[in-house]
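In what follows, chains are A, B, ... by sequence order, proteins preceding strands, each numbered from 1.
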Protein chains: 2
Amino acid sequence: MDRWTVEGRNADGTQTDDGRPGGSRRPHPMVSITDVARHAGVAPSTVSYALSGKRPISEETRRRVRAAVRELGYRPHTGAGAWTGRGAKVLALVAPLRAGDARAQTVMAYALSVVAAARGHDHDVLLIMREESEDGLRRVADGAPADALIVLGAPRNARPPLLRSLGRPSVLIGSPADPTGLTCVDLDSGAAGELCVEHLAELGHRTVALVGAPPVSLGGTVHAQRVLRGFAAAAGRLGLSSSVHPCPASPAAARAVAEGLLRERPAPTGVVVHDEGVVRLLIDAFETLGQRIPDDLSVAAVRPAGLLTDARLPLSVTSAEVPAAQLGAAAVDLLIRKLNGTHVPETALLPPRLTHRASTSDRPRS
Amino acid sequence: MDRWTVEGRNADGTQTDDGRPGGSRRPHPMVSITDVARHAGVAPSTVSYALSGKRPISEETRRRVRAAVRELGYRPHTGAGAWTGRGAKVLALVAPLRAGDARAQTVMAYALSVVAAARGHDHDVLLIMREESEDGLRRVADGAPADALIVLGAPRNARPPLLRSLGRPSVLIGSPADPTGLTCVDLDSGAAGELCVEHLAELGHRTVALVGAPPVSLGGTVHAQRVLRGFAAAAGRLGLSSSVHPCPASPAAARAVAEGLLRERPAPTGVVVHDEGVVRLLIDAFETLGQRIPDDLSVAAVRPAGLLTDARLPLSVTSAEVPAAQLGAAAVDLLIRKLNGTHVPETALLPPRLTHRASTSDRPRS
DNA sequence: AGACCGCGTCGAAGCGCTTCGACTCCGCGA
DNA sequence: TCGCGGAGTCGAAGCGCTTCGACGCGGTCT
């Protein structure tokens with residue numbers, strides 16, 4: 001810090017400050033409920049009731065209290081609620097993120113919506129980061145700076161069991177392998193798969209393919225399974241020919257899958273891609289192979305919550321997705337309901353919206 | 001919510017929850033200092049002293065207390081500190097940001113560093129957004145969910161006077177017109193201007209120009225003034241010919257300035273640009289005019305904190321800047337010191353670092 | 001007329017923790 | 001031997017607020 005340039009009247013170190021802990025002057029010597037009571041000529045408890053409405057208070061008294069509150073500029077001390085049992089009115093947003101992480105953009109989108117939604121319920125948001133370890137969550141739960149937690153993504157790590165044992169309401173944004181006892185919100189990737197197929201069918205495509213992360217056909221990611229189910233169901237229902245192709249996120253694999261698809265008979269004219277990492281690779285592979293998109297081939301993507309992988313999808317890809325804003329708001333919603341003691345479902349899957357972009361078009365006349 | 005798909009054992013709405021306010025079970029019934037005291041066979045106050053070390057406690061007792069703490073998994077209830085005068089150990093990060101804001105990326109960078117730095121001082125971070133109005137800040141100050149505030153950018157609005165009157169320590173990241181009574185951290189844009197000139201001089205350039213936001217020569221932004229001072233000082237010290245050119249952030253204006261520069265005799269071979277918005281425009285203008293960068297002309301940029309304007313500078317521009325991480329950490333540092341009652345300077349300007357990129361090179365041999 | 005009820009209000013307790021004053025040892029010097 | 005002081009501990013108060021039980025008062029019911 002000694003290397004910082006110092007500017008202004010205090011550059012020489014002269015004290016202009018009052019030196020009190022806290023630094024600056026304190027024009028509001030923290031007006032308490034007792035002050036309000038005194039000013040209104042009633043008991044503190046009466047003030048409390050008048051403000052909360054938990055007991056009948058005469059209109060006259062209520063008016064006097066309100067006046068006193070206004071005149072004194074009284075604001076209940078938030079911290080008080082923290083131990084009076086009412087809760088601190090603070091939610092923790094846990095986002096495992098390191099400096100320079102490419103997911104920062106996405107996390108910010110969630111943070112924005114979570115903060116906005118939380119404010120709508122009169123809560124503030126505590127930002128917890130880099131705390132993948134048990135310790136970060138424990139700290140929040142035991143130390144109780146927050147009443148409840150929203151945890152972003154990363155379903156693979158050890159958090160789910162930990163969350164269950166925290167003893168504090170929480171909502172997970174994402175889909176862990178075993179959501180038992182948790183509350184989760186996520187993209188309804190099954191519906192997203194269906195939506196993509198329906199979209200392709202409407203465009204006239206009769207043969208479609210699903211390309212996804214490796215274990216797309218086996219018991220892979222929860223998402224992969226759901227997408228597969230949705231894809232298959234929709235294809236069956238609409239009477240389309242369909243095939244499924246697992247595809248690791250490597251250029252070589254994408255190339256191989258692309259070649260395979262082109263060799264199929266009947267050749268698919270519409271492709272649904274799951275796993276964002278693969279989308280770009282697959283499109284590149286197709287273009288290398290001389291396919292024009294969307295003229296020869298339509299491509300639609302299913303985008304999961306978008307936290308785990310780099311969120312930079314080519315803008316022009318038609319995709320079924322849920323905006324981070326909605327997921328964040330939904331998470332807060334559920335969390336507030338849990339705080340109120342309302343029962344909430346284990347998993348809430350938000351319906352995707354299909355965003356129609358440049359990568360899909362009518363079936364090529366063959 | 002009725003439109004959400006619900007999945008899992010509770011899809012039918014069956015209660016498996018215990019319905020207690022708070023939702024999930026609570027395996028840790030909030031072990032308090034009294035529990036620890038009882039378990040260790042001492043008085044609560046003794047536990048407090050044993051843990052804080054504020055009074056002499058026998059080694060024996062201290063050991064028993066520590067054991068009890070460990071066995072019971074005791075963690076002091078954070079909220080308690082909030083009113084016991086110790087502070088809640090929470091900093092508020094105030095970032096005026098709306099959904100979809102392009103500055104999200106930048107804000108996230110600050111948030112990351114602020115959270116990390118705050119954790120280093122055993123503090124948590126409360127995220128406040130969209131609260132440009134007086135109300136957001138007032139709420140934090142009066143309700144006291146946070147001990148102190150870090151306010152990001154936007155020096156133009158009405159916040160500075162408000163901050164002064166809040167009665168809570170705060171640090172502003174950015175440079176308001178009048179920093180009196182505040183504490184601010186920012187890029188040392190004067191030094192940044194010098195650095196750019198020195199860099200150009202080292203490369204052999206003998207004639208340099210400064211292009212910046214409109215009032216670069218008059219009493220404009222604090223930054224603009226500082227850059228100008230630094231630029232002029234360095235140019236004078238190094239014996240370079242120099243000129244200064246205000247330039248609004250419009251393509252036409254950039255074009256005009258570029259043409260003017262090329263007509264000058266001696267013609268500048270090195271250009272220092274302040275105001276990120278102008279950088280791209282000016283480079284475009286030069287290229288349109290047939291100038292190659294850096295072969296014909298070297299361009300170096302001064303980047304302010306980067307909060308107010310879109311931060312997406314072309315990656316290839318040599319620039320003098322301060323990483324958000326450092327600014328965030330510095331802000332936390334100052335804030336913690338204020339909380340400790342230490343006196344801190346009014347303005348701390350962080351030394352820029354010159355990042356050498358593709359837009360500058362040796363003076364063209366003429 | 002007396003018993004009862006309930007509205008509106010008050011006082012006090014208590015949440016988890018820190019802190020201040022007080023109290024008890026014990027060892028030391030006078 | 002007594003007194004003194006320091007080390008080590010305890011008890012109680014108090015932070016700002018909610019909440020529970022109680023109380024007074026005016027009106028109703030019998």
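- Listed nucleotides: dT9(C), dT19(C), dC17(D). Nearest to the side chain of Ile33(A): dC17(D).
- In this structure, Thr34(A) does not reach the dC17(D) phosphate: none of its side-chain N or O atoms is under 4.0 Å from OP1 or OP2.
- Closest to the Tyr74(A) side chain, of the nucleotides dC17(D), dG8(D), dC10(C), is dC17(D).
- Among the protein residues, Thr61(B) comes within range of the sugar-phosphate backbone only, with heavy atoms under 4.0 Å from sugar or phosphate atoms but none that close to a base.
- When the P atom of dA22(D) is taken as reference, atom CZ of Arg55(A) falls 11 Å away, rounded to whole Å.
- In the set dC10(C), dT19(C), dG8(D), the nucleotide with an atom closest to the side chain of Thr46(A) is dC10(C).
- Residue Arg63(A) contributes atom CZ, which lies 16 Å from atom C1' of dG8(C) at whole-angstrom precision.
- Distance, Lys54(B) NZ to dT9(D) C1': 18 Å, rounded to whole Å.
- Checking dC17(D), dT18(C), dT19(D) against every side-chain atom of Ser48(B), the shortest atom distance belongs to dT18(C).
- Between the base of dC20(C) and the side chain of Tyr49(B) there is a donor-acceptor pair shorter than 3.5 Å.
- When the nucleotides dT19(D), dC20(C), dC7(C) are ranked by their closest atom to the side chain of Ser45(A), dT19(D) comes out on top.
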- Task: Check step by step if side-chain contact (heavy atoms from CB on, under 4.5 Å) holds for Leu182(B) and Glu346(B).
- Result: CA-CA 6 Å; Leu182(B) 300 176; Glu346(B) 213 163 54; 5.7 Å; no

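- Between Glu59(B) and Arg64(B) no salt bridge is recorded (no basic side-chain N to carboxylate O distance below 4.0 Å).
- Minimum interatomic distance between Val140(A) and Pro145(A) (heavy atoms only, all atoms of both residues): O-CD, 3.1 Å.
- Side-chain contact between Val125(B) and Val90(B) is absent, with no heavy atoms from C-beta onward closer than 4.5 Å.
- For Ser58(B), the side-chain atoms get nearest to dT9(D) when compared with the rest of dG8(C), dT9(D), dC17(C).
- Look at NE2 on His77(A): it is 19 Å from P on dG14(D), rounded to the nearest Å.
- The nearest whole Å value for the distance from the NZ atom in Lys89(B) to the C1' atom in dC17(C) is 14 Å.
- dC17(D) atom C1' lies 13 Å from atom CE of Met30(A), rounded to whole Å.
- Closest approach of Ser170(B) to Thr183(B), counting heavy atoms only: O-CB, 3.8 Å.
- Among the heavy atoms of the strands, none lies under 4.0 Å from Val47(B).
- Atom CZ of Arg38(B) is separated from atom C1' of dT9(D) by 18 Å (rounded to the nearest Å).
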